[in-house]
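One structure below.
In this chain, residues are counted from 1 in sequence order.
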Amino acid sequence: MKQTANALAGLISDLDLRLLRVFKTVVECGGFAAAEVELNISRSAISRYMADLETRLHMHLCYRGRSGFALTAQGRVVYESLMQLQADLEKFRANINAVHNRLVGKLHLGLTDNTITDPHSQVPSVIAKLKQLGPDVQIVMQTTSPNEIERALIEGRLHIGIIPCHQELPGLVYQPLYWETSYLYCAQGHALFALEEQQLEPSLLAQHDYVSPGYKPDAHLLELQALLKTAAHAYQMEGIATLILSGMFIGFLPGHYARQWEERGLMRVLLPDQFNFKTSFTAVWRDEAQPNQLREACLNELRQTYGIESNSAF
């Protein structure tokens with residue numbers, strides 16, 4: 001038994017598969033003579049290969065001589081095991097080929113907060129298409145600030161981020177997707193809330209406390225903020241909205257996000273023709289040579305959804 005176990009260990013790690021192929025051909029041809037033609041090698045070479053295989057396995061595999069060719073009981077076990085091995089190899093090959101054509105694994109996706117109400121955000125649609133392509137794909141969603149998403153991308157903790165473009169860091173690729181428009185708001189209880197539209201003017205707005213977004217603003221927002229009196233900072237939209245709803249601050253919110261309070265009469269927009277700015281939302285990913293099938297599939301769905309040319313950054 002110990003000798004047989006050692007032989008099997010050798011089979012797994014050292015045995016030349018050529019010997020097994022020769023053995024299989026000899027069995028299926030019914031002897032050395034017919035196998036000589038099939039393998040295109042001499043009968044003496046076949047005999048030597050068979051002897052080598054028997055030596056490696058410490059088994060007597062077949063009878064050969066004047067009475068003809070026949071497998072021993074051990075030979076039948078080896079042949080049946082060889083057929084099972086061949087079937088397993090085919091299954092392995094089929095599974096590997098399937099992996100090349102089927103999406104599997106986890107996609108780590110980073111989003112900024114409160115974009116779900118934006119009709120231009122097609123992330124739910126992109127995820128749906130991705131799941132149709134790969135039902136076994138797992139989505140790991142992280143919602144946080146643009147700065148944290150960029151940091152997670154650089155560190156390899158995220159595959160793709162979708163964020164407002166406020167800077168472009170080295171090592172990351174930025175692809176514009178759509179534009180978001182923000183306006184200046186105050187809430188019920190604020191001194192500006194009940195004024196008529198004609199009573200509002202920039203100099204009046206400059207007298208009231210303004211909540212500034214904590215991320216780096218673009219040039220247009222910087223110009224608008226220079227006309228206002230910054231008295232608070234918030235790093236997420238929900239924080240800005242909370243301070244506005246206190247009735248003590250004015251601040252910028254995306255129009256789609258503020259609409260829920262506007263429709264209930266809890267917020268109003270202030271001088272929308274003058275105090276507005278657009279933000280480019282971008283897909284961001286790490287610039288690296290190593291391909292990632294899931295990331296590329298998601299980027300391809302984003303490209304198709306937003307009608308981006310194939311020769312773009314994607």
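- Put simply, the side chain of Lys106 never gets that close to the backbone of Val140: no donor and acceptor are under 3.5 Å apart.
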Task: Test log, rule side chain to side chain contact (heavy atoms under 4.5 Å, CB included), inputs Thr112 and Ile162 - done: CA-CA 7 Å; Thr112 49; Ile162 298 179; over 6 Å; no
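- The NE2 atom of His233 sits 9.5 Å away from the OH atom of Tyr210 when rounded to the nearest 0.5 Å.
- A 4.5 Å side-chain heavy-atom check between Pro164 and Pro146 finds at least one atom pair inside the cut-off.
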Task: Derivation of the side chain to side chain contact (heavy atoms under 4.5 Å, CB included) call for Asn292 and His159 - done: CA-CA 9 Å; Asn292 182 286; His159 292 119; 3.7 Å; yes
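- A centroid separation of 6.0 Å or more is found between the aromatic rings of His120 and His256.
- Of the possible polar contacts, none joining the Ser47 side chain to the Arg43 backbone as a donor-acceptor pair under 3.5 Å is found.
- Salt bridge absent: Glu296 and Arg303 never bring a charged side-chain N and a carboxylate O closer than 4.0 Å.
- Note: the hydrophobic cluster containing Leu61 also contains Leu19 (ILVMFWY, side chain heavy atoms under 4.5 Å, direct or indirect links).
- The environment of CZ in Phe69 is crowded: more than 12 heavy-atom neighbours from other residues, nucleotides or ligands sit within 6.0 Å.
- Side chain of Gln304 to backbone of Glu301: no donor-acceptor contact under 3.5 angstrom is found.
- In this structure, Leu111 and Ile116 have side chains that are not in contact, with every pair of non-hydrogen atoms separated by 4.5 Å or more.
- Contact annotation: the side chain of Ile244 approaches that of Leu253 to within less than 4.5 Å [non-hydrogen atoms, C-beta and beyond].
- Gln225 and Ser212 make their closest contact through OE1-OG, 2.9 Å (heavy atoms, listed as atom of the first residue, atom of the second, distance).
- Side-chain atoms of Gln274 and Tyr183 include no donor-acceptor pair closer than 3.5 Å.
- A distance of 9.5 Å separates CG of Leu130 from CG of Leu109, quoted to the nearest 0.5 Å.
- Cluster membership for Leu222 and Leu184, using ILVMFWY side-chain heavy atoms within less than 4.5 angstrom, is not shared.
- Counting heavy atoms from C-beta on, the side chains of Leu271 and Leu205 come closer than 4.5 Å.
- Transitive grouping of hydrophobic side chains (ILVMFWY, heavy atoms separated by less than 4.5 Å) brings Tyr178 and Leu299 into a common cluster.
- Closest non-hydrogen pair, Glu238 versus Asp113, comes out as N-OD2, 3.5 Å.
- Paired with Phe23 under the rule side chain to side chain contact (heavy atoms under 4.5 Å, CB included), one option of Leu57, Leu71, Ile46 passes, and it is Leu71.
- Val78 and Phe32 fall within the same hydrophobic cluster, defined by Ile, Leu, Val, Met, Phe, Trp and Tyr side-chain heavy atoms under 4.5 Å apart, directly or through other members.
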- [ ] Give the intermediate values and the outcome of side chain to side chain donor-acceptor pair (under 3.5 Å) for residues Gln74 and Thr72.
- [x] CA-CA 5 Å; Gln74 290 181 331; Thr72 65; 5.0 Å; no
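- Looking at Val211 and Thr230, their side chains never come closer than 4.5 Å, going by heavy atoms from C-beta outward.
- Rounded to the nearest 0.5 Å, atoms CD1 (Ile160) and CD (Gln175) are 11.5 Å apart.
- Between Met83 atom CE and Asp88 atom CG the span is 11.5 Å, to the nearest 0.5 Å.
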- [ ] For the pair Arg76 and Glu80, evaluate salt bridge (Lys or Arg N to Asp or Glu O under 4.0 Å) and give the outcome as yes or no after the intermediate values.
- [x] CA-CA 6 Å; Arg76 283 193 295 273; Glu80 290 169 0; 5.9 Å; no
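- Scanning all heavy atoms of the two residues, the minimum distance from His220 to Asn276 falls at CE1-O, 3.0 Å.
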Open item on the list: The test is side chain to side chain contact (heavy atoms under 4.5 Å, CB included); show your working for Tyr235 and Ser145 and say whether it passes.
Closed with: CA-CA 7 Å; Tyr235 290 85; Ser145 68; 5.6 Å; no
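- For the pair Leu53/Met59, no side-chain contact is recorded, criterion being any heavy-atom separation below 4.5 Å from C-beta on.
- The number of heavy-atom neighbours closer than 6.0 Å to CG of Leu195, taken from other residues, nucleotides and ligands shown, is above 12.
- Residue Asp136 qualifies as enclosed at atom CG: its count of foreign heavy atoms under 6.0 Å is above 12.
- With contacts defined as side-chain heavy-atom distances shorter than 4.5 Å, the pair Thr115/Tyr257 does not qualify.
- To the nearest 0.5 Å, atom CD1 of residue Ile154 and atom CG of residue Asp287 are 11.5 Å apart.
- A salt bridge links Glu148 to Arg151: at least one charged side-chain nitrogen sits closer than 4.0 Å to a carboxylate oxygen.
- Under 3.5 Å, the side chains of Thr144 and Gln142 contain no donor-acceptor pair of N or O atoms.
- Using a distance-only test at 3.5 Å, with no hydrogens or angles considered, a donor-acceptor pair links the side chain of His60 to the main chain of Cys62.
- Within a 6.0 Å sphere centred on CD of Glu38, heavy atoms belonging to other residues, nucleotides or ligands number 12 at most.
- The hydrophobic cluster containing Leu107 also contains Leu177, counting ILVMFWY residues as joined when their side-chain heavy atoms lie under 4.5 angstrom apart, directly or transitively.
- At least one side-chain heavy atom of Pro202 sits under 4.5 Å from a side-chain heavy atom of Phe275.
- In summary, the aromatic rings of Phe252 and Phe277 are positioned with their centroids under 6.0 Å apart.
- Scanning both residues, Ala258 and Tyr185, for their nearest heavy atoms gives CB-CZ, 3.3 Å.
- Between the side chains of Gln122 and Tyr306, no donor-acceptor pair is found at a separation under 3.5 Å.
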Open item on the list: Run Ile308 and Leu302 through side chain to side chain contact (heavy atoms under 4.5 Å, CB included) and show every step you take.
Closed with: CA-CA 8 Å; Ile308 296 169; Leu302 283 167; over 6 Å; no
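- Using a 3.5 Å distance cut-off with no hydrogens or angles, the side chains of Thr282 and Ser280 do not pair a donor with an acceptor.
- Residue Leu153 forms a side chain to side chain contact (heavy atoms under 4.5 Å, CB included) with just one option from Leu172, Ile163, Leu169, and that option is Leu172.
- In this structure, Arg286 does not pair ionically with Glu150, as no charged nitrogen and carboxylate oxygen lie closer than 4.0 Å.
- In terms of heavy-atom proximity, Met267 sits nearest to Ala241 at CE-O, 4.1 Å.
- Annotation: the span from Ile149 atom CD1 to Leu158 atom CG amounts to 7.0 Å, rounded to 0.5 Å.
- In this structure, Trp285 and Ala283 approach most closely via the heavy-atom pair CZ3-O, 3.7 Å.
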